[in-house]
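Below is one structure, written out as structure tokens; the observations come after it.
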Amino acid sequence: MVTKVTDQTMTEYTKSGLTIVDLWAPWCGPCLMMAPVIDELEQEFKADIQFVKLNIDENKETALEYDVMSIPSFLLFKDGKAIEKVVGYHDKSEFSAYLSEKITQNKTV
């Protein structure tokens, strides 16, 4: 199960390694479609990437800080620093390929 974070706890969860932050809201259809995809990918990639979810309705500071204008949005953090943002719905194979590429890049750096 993907860990839920808040504006106050997000820094703690993103401070080391690779972390994907799923910014979502309960009223967002594409966000709800992505939820099972993210749950499956978390199981597949948990050895290399930490997955967390942030409800932007309850945590507006993070959304403002990272200029989140559309959801779902996914922030990729490396050692506490946001390095990329991915916006919108992506099917499992597409998002899996993206994550695999980021893991490979992280291991070669």
Side-chain angles (χ1 to χ4, degrees):
M1 186 82 176
V2 178
T3 302
K4 293 178 182 173
V5 296
T6 65
D7 287 335
Q8 292 74 32
T9 62
M10 195 169 101
T11 302
E12 174 187 339
Y13 285 93
T14 60
K15 67 183 174 187
S16 65
L18 291 176
T19 305
I20 285 282
V21 180
D22 176 3
L23 294 105
W24 71 286
W27 49 263
C28 167
C31 298
L32 299 177
M33 290 170 47
M34 278 299 298
V37 172
I38 294 300
D39 288 341
E40 289 177 27
L41 292 172
E42 191 264 344
Q43 289 301 310
E44 291 177 28
F45 289 95
K46 64 184 173 184
D48 296 301
I49 300 177
Q50 178 175 219
F51 289 73
V52 299
K53 294 178 77 87
L54 181 104
N55 180 332
I56 65 162
D57 284 346
E58 298 171 355
N59 300 280
K60 295 179 184 344
E61 291 174 25
T62 300
L64 289 171
E65 180 179 350
Y66 294 100
D67 297 320
V68 175
M69 305 303 261
S70 298
I71 53 174
S73 284
F74 304 91
L75 298 173
L76 176 64
F77 281 79
K78 180 179 179 184
D79 298 329
K81 198 172 185 183
I83 58 172
E84 283 187 9
K85 183 187 335 179
V86 177
V87 179
Y89 175 83
H90 300 277
D91 66 29
K92 183 179 175 187
S93 64
E94 186 180 1
F95 213 76
S96 178
Y98 168 77
L99 295 174
S100 294
E101 177 185 328
K102 297 305 158 186
I103 291 167
T104 300
Q105 287 174 356
N106 187 53
K107 288 180 179 177
T108 59
V109 173

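Excluded from the calculations below are hydrogen atoms, water molecules and symmetry mates; all remaining heavy atoms, backbone and side chain alike, are included. Just so it is clear, the structure is predicted and the values come from calculations on it, not from any experiment.
Side-chain contact between V86 and F95 is present, with at least one heavy-atom pair separated by less than 4.5 Å. Taking the side chain as every heavy atom from C-beta outward, V2 and D22 never approach each other to under 4.5 Å.
The structure places CD of E84 at 7.0 Å from CD of Q105, a figure rounded to the nearest 0.5 Å. In this structure, NZ in K102 is found 9.5 Å from CG in L18, a value given to the nearest 0.5 Å. Taking CG of L76 as the start and CG of N106 as the end, the distance is 8.5 Å to the nearest 0.5 Å. Between atom CE of residue M1 and atom CD1 of residue I38 there is a gap of 12.5 Å, rounded to the nearest 0.5 Å.
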- Begin from the C-alpha positions of F74 and Y98 and carry the test ring pair (Phe, Tyr, Trp, His ring centres under 6.0 Å) through to its verdict. CA-CA 12 Å; F74 304 91; Y98 168 77; 8.9 Å; no

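In this structure, N55 and A25 approach most closely via the heavy-atom pair OD1-CA, 4.2 Å. Residues N59 and D7 share a closest heavy-atom pair of OD1-N, 2.9 Å. Counting all heavy atoms, side chain and backbone alike, L54 lies closest to M10 at CD1-SD, 4.4 Å. Minimum interatomic distance between V87 and H90 (heavy atoms only, all atoms of both residues): O-NE2, 3.2 Å. Taking every heavy atom of both residues into account, I71 and L23 meet most closely at CG2-O, 3.6 Å. The nearest pair of heavy atoms linking Q43 to K46 is OE1-NZ, 3.2 Å.
The hydrophobic cluster containing M33 also contains I20, counting ILVMFWY residues as joined when their side-chain heavy atoms lie under 4.5 angstrom apart, directly or transitively. Following chains of ILVMFWY side-chain contacts shorter than 4.5 Å, one can reach L41 starting from I49, so the two form part of one hydrophobic cluster. Transitive grouping of hydrophobic side chains (ILVMFWY, heavy atoms separated by less than 4.5 Å) brings Y13 and L75 into a common cluster. No chain of hydrophobic side-chain contacts below 4.5 Å, direct or via other Ile, Leu, Val, Met, Phe, Trp or Tyr residues, connects V21 to L64. Cluster membership for V52 and V68, using ILVMFWY side-chain heavy atoms within less than 4.5 angstrom, is shared.
Ring pair F77/Y66: centre-to-centre distance below 6.0 Å.
Using a 4.0 Å cut-off between charged side-chain N and carboxylate O, K92 and E44 make a salt bridge. With respect to D48 and K107, a salt bridge is recorded, a charged nitrogen being found less than 4.0 Å from a carboxylate O.
Within 6.0 Å of CD on E61 lie no more than 12 heavy atoms contributed by other residues, nucleotides or ligands. Annotation for K85: atom NZ counts as buried by contact number, over 12 foreign heavy atoms lying within 6.0 Å.
Under a 3.5 Å cut-off, the side chain of T9 and the backbone N or O of V5 do not form any donor-acceptor pair.
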